[in-house]
Amino acid sequence: MLSTSRSAGPTGTAAPSKSRRLPLLGALAAAVALVTGVTAPAYAAEPAPAPTTGGQADRHLPALHPELDFAGSTVAAHEGRASTAGVAALAATQTPGLDVSSYQGNVNWASVKANGARFGYVKATEGTTYTNPYFTQQYNGSYNAGLIRGAYHFALPDRSSGSAQATWFVNHGGGWSRDGRTLPPALDIEYNPYGATCYGLGQSAMVSWIRSFSDTVHARTGRYPTIYTTTNWWSQCTGNNGGFGTTNPLWLARYGSTVGTLPNGWGYQTFWQYADSGTFPGDQNLFNGAYDRLQALANG
């Protein structure tokens with residue numbers, strides 16, 4: 001049975017409340033772990049970094065709507081969707097998974113696992129002010145259900161530096177541990193949902209921003225982040241830079257039956273987001289390999 005990509009939450013639940021906060025959800029996650037008898041690495045936010053200059057107010061940038069931003073939220077509008085016929089057959093050699101954000105609310109992870117998912121990426125943060133209010137339920141819940149999970153950050157390169165956003169991300173869920181169940185942190189860099197496609201940055205400035213984010217995550221966690229993007233955006237906004245393929249796994253978004261042309265520097269995709277609706281809540285993904293290779297990626 002197919003589920004819509006961007007439902008307010010599981011059937012019978014209310015839409016995400018803006019008043020909800022992570023401490024309450026932390027208590028819920030702890031209760032879930034106690035009931036299931038599974039101990040997962042607890043997520044707890046560290047103190048926020050010092051405020052940075054160049055923020056929203058003094059630059060007169062549009063108001064943010066982070067609850068509407070997620071991996072792929074801009075892709076279909078810019079690149080469309082094509083038939084995914086034949087993708088299911090790849091599950092014989094590749095590993096199915098999903099990605100979610102606050103849009104999905106509380107996820108029934110036991111059902112997701114029963115339907116075949118083996119991994120999930122969860123939106124943790126955006127910019128240097130937003131944290132997903134459902135992150136604890138989604139991130140710890142997926143772990144407790146037996147999935148390999150990871151966290152991702154929605155980039156806003158015109159709001160603050162790459163290092164500042166990476167610090168916010170790592171402090172609020174974007175960490176990593178060599179437990180065989182945690183994927184490298186991920187950077188979601190895609191079309192600007194608030195204006196100019198490339199966030200007003202030139203190609204060299206964009207490359208520098210991504211490099212700063214990547215290097216900061218690596219310094220903090222020991223892993224280079226997975227980069228989520230599309231070939232068209234990467235070509236337009238980085239000049240099709242080829243400097244990240246040897247260090248950063250590629251998470252490619254393309255809604256169709258094949259991955260198509262890859263961005264410069266990558267010889268293959270590690271993850272492929274091939275549809276924004278399907279069997280699982282949120283977006284549909286494939287890891288480019290068998291489950292034991294996914295475990296190897298998690299282990300670093």
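FYI, the numbering just counts along the sequence from 1.
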State whether a side-chain donor-acceptor pair under 3.5 Å links Asp179 with Ser177.
-> yes

Gln165 side chain to Ser160 side chain, donor-acceptor N/O pair below 3.5 angstrom = yes

Connected via hydrophobic side-chain network under 4.5 Å: Trp176 and Tyr152 | no

Which distance, rounded to the nearest 0.5 Å, do you find between the CD of Gln137 and the CD of Gln104?
-> 11.0 Å

Considering only heavy atoms from C-beta outward, does the side chain of Gln236 approach that of Thr230 to under 4.5 Å?
-> no

For residues Ile227 and Ile189, determine if any side-chain heavy atom of one lies less than 4.5 Å from a side-chain heavy atom of the other.
-> yes

Donor-acceptor pair between Ser102 and Tyr130 side chains, under 3.5 angstrom = yes

Test item: Thr231 side-chain N/O and Thr261 main-chain N/O as donor-acceptor pair under 3.5 Å | yes

Does any N or O in the side chain of Gln284 come within less than 3.5 Å of the main-chain N or O of Leu98, such that one atom is a donor and the other an acceptor?
-> no

Polar side chain donor-acceptor pair, Asn241 to Gln203, under 3.5 angstrom = no

Nearest non-hydrogen partners of Gly174 and Pro185, listed with the distance = O-CG, 3.3 Å

Taking the six-membered ring of Phe169, is NZ or CZ of Arg220 closer than 6.0 Å to its centre and within 45° of its axis?
-> no

Starting at CZ of Phe70, measure out to CG of Asp99 and round the result to the nearest 0.5 Å.
-> 9.0 Å

What closest approach, in Å, do Ala253 and Val75 show between heavy atoms, and which atom pair accounts for it?
-> CB-CG2, 4.2 Å

Got a donor-acceptor contact below 3.5 angstrom from the Ser212 side chain to the Ser163 backbone?
-> yes

Counting N and O atoms only, with roles assigned by atom type, does the side chain of Arg118 sit under 3.5 Å from a partner on the main chain of Lys113, one being a donor and the other an acceptor?
-> yes

Would a hydrophobic clustering, with Ile, Leu, Val, Met, Phe, Trp and Tyr connected at side-chain separations under 4.5 Å, put Trp234 with Tyr268?
-> no

Would a 4.5 Å heavy-atom cut-off, applied to side chains only, mark Pro193 and Phe154 as touching?
-> yes

Cluster question for you: counting only ILVMFWY and a side-chain heavy-atom cut-off of under 4.5 Å, with indirect links fine, are Tyr224 and Leu187 together?
-> no

Please test Phe119 against Phe271 for ring-ring contact (aromatic ring centres under 6.0 Å, His included), starting from the C-alpha separation and ending with a verdict.
-> CA-CA 11 Å; Phe119 72 89; Phe271 298 98; 5.2 Å; yes

N/O donor-acceptor pair under 3.5 Å between Arg181 side chain and Asn144 backbone | no

Atom of Pro96, atom of Leu286 and distance for their closest heavy-atom approach = CA-CD2, 3.9 Å

Can you tell me if His218 uses its side chain to pair, donor with acceptor, with the backbone of Ser214 under 3.5 Å?
-> no

Taking the side chain as every heavy atom from C-beta outward, state whether Leu64 and Leu156 have any atom pair closer than 4.5 Å.
-> yes

State, with a plain yes or no, whether a side-chain heavy atom of Leu250 is found less than 4.5 Å away from one of Thr229.
-> yes

Asn285 vs Tyr274, side chain to side chain contact (heavy atoms under 4.5 Å, CB included): CA-CA, chis, key distance, verdict = CA-CA 6 Å; Asn285 293 268; Tyr274 65 87; 5.6 Å; no

Closest non-hydrogen atoms of Ala166 and Val217, given as atom of the first, atom of the second and distance, are CB-CG2, 3.8 Å

Would you check if the side chain of Arg178 reaches a backbone N or O of Asn299 as a donor-acceptor pair within less than 3.5 Å?
-> yes

Quick one: does Thr197's side chain get under 4.5 Å of Asn192's, heavy atoms only?
-> no

In this structure, CG of Asp69 is separated from CG of Asn132 (nearest 0.5 Å) by 12.0 Å

Under the side chain to side chain donor-acceptor pair (under 3.5 Å) criterion, do Asp188 and Trp251 qualify, and how do the steps go?
-> CA-CA 9 Å; Asp188 174 2; Trp251 181 4; over 6 Å; no

Going from CG on Leu90 to OG1 on Thr84, what distance comes out if it is rounded to the nearest 0.5 angstrom?
-> 10.5 Å

Does the pair His65 and Tyr194 meet the rule for a ring-ring contact (aromatic ring centres under 6.0 Å, His included), with working shown?
-> CA-CA 9 Å; His65 47 63; Tyr194 301 102; 4.3 Å; yes

Check: Tyr228 side chain, Gly72 main-chain N or O, donor-acceptor pair, under 3.5 Å = yes

No-hydrogen, no-angle side-chain donor-acceptor test under 3.5 Å, Arg293 and Asn288 | no

Of all heavy-atom pairs linking Tyr103 and Glu67, the shortest is CD1-O, 3.7 Å

If Ile, Leu, Val, Met, Phe, Trp and Tyr residues are connected whenever their side-chain heavy atoms lie under 4.5 Å apart, and connections chain through other members, are Trp272 and Trp233 in the same group?
-> yes

When rounded to the nearest 0.5 angstrom, what distance separates OH in Tyr121 from OG in Ser142?
-> 12.0 Å

For Glu79 and Asn232, what are the C-alpha separation, side-chain angles and deciding distance, and is it a side chain to side chain contact (heavy atoms under 4.5 Å, CB included)?
-> CA-CA 8 Å; Glu79 301 186 15; Asn232 288 342; 3.4 Å; yes

Donor-acceptor pair, Gln273 side chain versus Ala71 backbone, under 3.5 Å?
-> yes

Ignoring hydrogens and angles, tell me if any N or O in the side chain of Asn248 forms a donor-acceptor pair with the backbone of Pro225 under 3.5 Å.
-> yes

Considering non-hydrogen atoms only, spot the tightest contact between Ala155 and Tyr199 and give its length.
-> O-OH, 3.6 Å

With sequence neighbours left out, write down each residue that passes ring-ring contact (aromatic ring centres under 6.0 Å, His included) with Phe213, or none if nothing qualifies.
-> His153, Trp209

After noting the C-alpha distance and the side-chain angles of Phe244 and Val207, does the key distance pass the side chain to side chain contact (heavy atoms under 4.5 Å, CB included) rule?
-> CA-CA 10 Å; Phe244 294 88; Val207 171; 4.1 Å; yes

Side-chain contact test, heavy atoms from C-beta onward, threshold under 4.5 Å: evaluate it for Pro263 versus Leu252 and give yes or no.
-> yes

Rounded distance (nearest 0.5 Å) linking atom CZ of Arg211 with atom OG1 of Thr238 | 11.0 Å

Considering only heavy atoms from C-beta outward, does the side chain of Val112 approach that of Asn108 to under 4.5 Å?
-> no

